[in-house]
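Note that ligands are numbered from 1 as they come in the structure, with each ligand's atoms numbered from 1 the same way. Below, each value reflects all heavy atoms present in this structure, side chains not excepted, and no hydrogens, waters or symmetry copies.
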Amino acid sequence: MKVLVTGGAGFIGSHLVAYYLSQNALVWCVDNLLTGRPENLAEYRSSQNLRFLEKDVTSLSIEKLPNDFNLVFHLASPASPVDYQRYPLETMRVNSLGTEKMLRLALKCEARFLYSSTSEVYGDPEIPVQPETYWGRVNPVGPRSVYDEAKRYGEAITMLFHRYWKANTAIARIFNTYGPGMKPDDGRVIPNFINQLLTGKPLTVYGDGQQTRSLCYIDDLVEGIVLLAKSDEHQPVNLGNPEEFTILQLVAEIEKIAKMPVSIEYRPLPEDDPKRRKPDISRAKQLLGWEPKVSLKVGLSKTLDYFQSQIHLKK
Ligand code: UDP
């Protein structure tokens, strides 16, 4: 089996690369290392089955790539609010032009194509639980629109290739995911909190901390992505953990795991920050037989161990 993963040096991408290498697939990885990190693939550097191209997907010439991939995963994109606002144009281009290129490649190879979309397509939702049929409430000109609208475009062009040219496509709507391999400075809530904890700083809670997120451990998510790639589903599928927590509840969980009291520093809520987010995963359950297994407690402990080991490595 021959697999291409764009964004293969990123957080989710590197776990997907690791999975397919463990299945003895030949894995090509394209990443320009804008937000991805070579250390995420360091373990596999000597693998005969991994080819790494340090390239921007948008300037890639697909004619020069093999035409016998079985699977094409398009994951390349800044993904944290801090990163996509730092690289707004790159975010829009990799999800528009980049998605089109990867769709053309998949079509040429007759490969199954999987687009990594996001719960951000739902924007700041009016409904407490979001099924795939919900069209979302996105501010098209707000600071998050460079990501939200780019991902919505990415979904639209993926469906276009499926409808008009019968491309074999899948769309994963990925909800908040965490675990080993996240960049310590990527700005998302779990790496922020864990780093603050490990460096003795107060945890920065934005707004009143009553906004909710549903947090999925990386191993669960990768299993969902792999199952979706194996299926023949073309419509979007939510992948995430339906257990919903407020940010203050997350602080309390971290406090319990760390077994030490933490202090909180309240900061202003970023513009358009969604107030609640919880996936309806009925479709994933029914179509893929998938649901997350790792509790927040177990996932957080593993993530804390990872960040601790990174600090020791640097010493
Ligand atoms: N958040 C927070 N403190 C931080 C980072 C994030 O309170 O240091 C909040 C943020 O306002 C949001 C939630 O945590 O409500 C999740 O933010 P994240 O950046 O992880 O991802 P998002 O779901 O917003 O894309």
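For Gln48, the CD atom sits in a loose shell: 12 or fewer heavy atoms of surrounding residues, nucleotides or ligands are nearer than 6.0 Å. More than 12 heavy atoms of other residues, nucleotides or ligands shown are found within 6.0 angstrom of NZ on Lys108.
With respect to Lys302 and Asp305, no salt bridge is recorded, no charged nitrogen being found less than 4.0 Å from a carboxylate O. A salt bridge is absent between Arg93 and Glu90: the closest approach of a Lys/Arg side-chain nitrogen to an acidic carboxylate oxygen does not fall below 4.0 angstrom. Asp273 has a carboxylate O that lies under 4.0 Å from a charged side-chain N of Arg213, or vice versa, which qualifies the two as a salt bridge.
In this structure, Gln196 does not count as a contact residue of ligand 1, since none of its heavy atoms falls inside 4.0 Å of the ligand. Note on ligand 1: Ser80 sits outside its first shell, no heavy atom being nearer than 4.0 Å.
Protein heavy atom at the shortest distance from atom 20 (O) of ligand 1 is Val189 N, 2.8 Å. In this structure, atom 10 (C) of ligand 1 lies nearest to the protein heavy atom Asp273 OD2, 3.3 Å. At the shortest separation from atom 9 (C) of ligand 1 among protein heavy atoms lies Gln211 NE2, 3.8 Å. Counting protein heavy atoms only, atom 25 (O) of ligand 1 is closest to Arg144 NH2, 3.1 Å. With hydrogens left out, the protein atom closest to atom 1 (N) of ligand 1 is Tyr206 CD1, 3.4 Å, a heavy atom.
Residue Asn192 approaches ligand 1 through these ligand atoms, each under 4.0 Å from one of its heavy atoms: 4 (C), 5 (C), 8 (O). Listed by number with element, the atoms of ligand 1 under 4.0 Å from a non-hydrogen atom of Glu120 are 25 (O). Taking every non-hydrogen atom of Val205 and a distance limit under 4.0 Å, the qualifying atoms of ligand 1 come out as 7 (O). Near Thr204, meaning under 4.0 Å from any of its heavy atoms, are these atoms of ligand 1: 2 (C), 3 (N), 4 (C), 7 (O), 8 (O).
Any N or O atom pair closer than 3.5 Å counts here, and Arg188 shares no such pair with ligand 1. Considering backbone and side-chain atoms alike, Asn176 places an N or O below 3.5 Å from some N or O of ligand 1. Between Pro81 and ligand 1, not a single N/O pair is under 3.5 Å apart. Residue contacts with ligand 1: Arg277 is placed with a nitrogen or oxygen under 3.5 Å of a nitrogen or oxygen of the ligand (distance criterion only).
Going from atom CD of Gln235 over to atom CZ of Arg283 covers 6.5 Å, rounded to the nearest 0.5 Å.
Considering Lys151, Arg144, Arg152 as possible partners of Glu120, the one that fulfils the salt bridge (Lys or Arg N to Asp or Glu O under 4.0 Å) test is Arg144. Here the options are Lys278, Arg276, Glu244, the test is side chain to side chain donor-acceptor pair (under 3.5 Å), and the partner is Thr212; only Glu244 passes.
Close placement of the Tyr20 and Phe73 rings is indicated, their centers lying within 6.0 Å of each other.
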Query raised in the report: Yes or no on ring pair (Phe, Tyr, Trp, His ring centres under 6.0 Å) for Tyr19 and His15, after CA distance, side-chain angles and deciding distance?
Result: CA-CA 6 Å; Tyr19 170 80; His15 285 270; over 10 Å; no

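The residue from Ile247, Thr118, Asp272, Val82 that puts a heavy atom closest to atom 14 (O) of ligand 1 is Ile247.
Minimum heavy-atom separation, Leu60 to Lys55: CD1-CD, 3.5 Å.
Contacts between Arg213 and ligand 1, counted as non-hydrogen atom pairs separated by less than 4.0 Å, involve the side chain only.
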